[in-house]
Amino acid sequence: MLSINFHPFQNLETERLLLRRLDENDFEEVLALRGNPQVMKFIPKPLAKTKDDALAHIAMIEDKIVNNTGINWGITINGNSKIIGIIGIFKIYTENHRAEIGYMCLPKYNGQGYVTEAIKAVVTYGFDQMNLHSIEAIIDPDNTASERVLQKNGFVKEAHILENELWEGKYWDTVIYSLLKRNWKNN
């Protein structure tokens, strides 16, 4: 069984990004992300509406880190401490050495390769630091932008599951993409 320890917390650096621990000072950006219908369009979760909603989300992320059940980073552009997105590894199946990756980005930063770059850093962390065997991403089949960034990072489509999630009276399909450690090409 996999042993998980996120202590001490590790920031991740790429050519253009710093992925860092979220804190309460990030509530405005978290609210901008989690409260934006465009960002949340493919995520069947309630919109954040208040500062307290954003702070609760940050506290939930922190609790997962403290208890070694998941890890998230705020995505920042080098030289600017404001987060432009959130990325993390959660739903860790220690018995199978598998976990899920999830991410979101403010719309004005889409299409610039930031999410692709952040995924690469987090996947490297998952395989090298956490010793995962595989990483999955579960997306809405209509989320073609997410599909593209996953494919750019070597993820392959495993399954398209029909109407397996119920959210606000609508059944949603989900698509599972995954990447095995042996197929990861850390360039």
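Note that the structure is predicted; figures quoted are calculated from it, not measured.
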More than 12 heavy atoms of other residues, nucleotides or ligands under 6.0 Å from [atom1] of [X]: yes or no?
X: Q112; atom1: CD; value: yes
X: E95; atom1: CD; value: yes
X: K170; atom1: NZ; value: yes
X: E24; atom1: CD; value: no

Under a 4.5 Å cut-off applied to non-hydrogen side-chain atoms, are [X] and [Y] in contact?
X: L17; Y: E13; result: no
X: L33; Y: L106; result: yes
X: K45; Y: R34; result: yes
X: D173; Y: H160; result: yes
X: T69; Y: I92; result: no
X: N164; Y: W172; result: no
X: I119; Y: V122; result: no
X: V175; Y: D140; result: no

F27 vs D52, test: side chain to side chain contact (heavy atoms under 4.5 Å, CB included). Steps then yes/no. CA-CA 9 Å; F27 79 87; D52 286 342; over 6 Å; no

Looking at [X] and [Y], what are the two nearest heavy atoms and their distance?
X: A118; Y: I75; result: CB-CD1, 3.9 Å
X: M40; Y: P46; result: CE-O, 4.1 Å
X: S134; Y: R98; result: OG-NH1, 3.0 Å
X: K91; Y: E100; result: CD-OE1, 3.1 Å
X: V115; Y: C105; result: CG2-CB, 3.6 Å
X: I135; Y: G126; result: CD1-CA, 4.3 Å

Nearest 0.5 Å, what's the [atom1]-[atom2] distance between [X] and [Y]?
X: E29; Y: L22; atom1: CD; atom2: CG; result: 9.5 Å
X: F6; Y: Q129; atom1: CZ; atom2: CD; result: 11.0 Å
X: L132; Y: I4; atom1: CG; atom2: CD1; result: 6.0 Å
X: L55; Y: D26; atom1: CG; atom2: CG; result: 10.0 Å
X: L12; Y: K120; atom1: CG; atom2: NZ; result: 13.0 Å
X: L19; Y: I83; atom1: CG; atom2: CD1; result: 10.5 Å

Run R21 and E62 through salt bridge (charged side-chain N to carboxylate O under 4.0 Å, His left out) and show every step you take. CA-CA 9 Å; R21 196 170 195 159; E62 183 63 22; 2.6 Å; yes

Strictly distance-based, threshold 3.5 Å: is any side-chain N or O of [X] a donor or acceptor partner for the main-chain N or O of [Y]?
X: N153; Y: F155; result: no
X: N5; Y: H7; result: yes
X: D53; Y: T50; result: yes
X: N11; Y: L18; result: no
X: R16; Y: T76; result: no
X: N67; Y: D63; result: yes

Under a 3.5 Å cutoff, is there a donor and acceptor pairing between the side chains of [X] and [Y]?
X: Y177; Y: E158; answer: no
X: Y103; Y: S146; answer: yes
X: N96; Y: H133; answer: no

Cluster overlap [X] with [Y], hydrophobic side-chain contacts below 4.5 Å:
X: I43; Y: I101; value: yes
X: M60; Y: I87; value: yes
X: F127; Y: M130; value: yes
X: I61; Y: Y125; value: yes
X: Y109; Y: V39; value: yes

Please work out which of the three classes, parallel, tilted or perpendicular, describes the rings of F9 and W73, given edges at 30° and 60°. tilted

salt_bridge(K181, D128) N-O dist < 4.0 Å: no

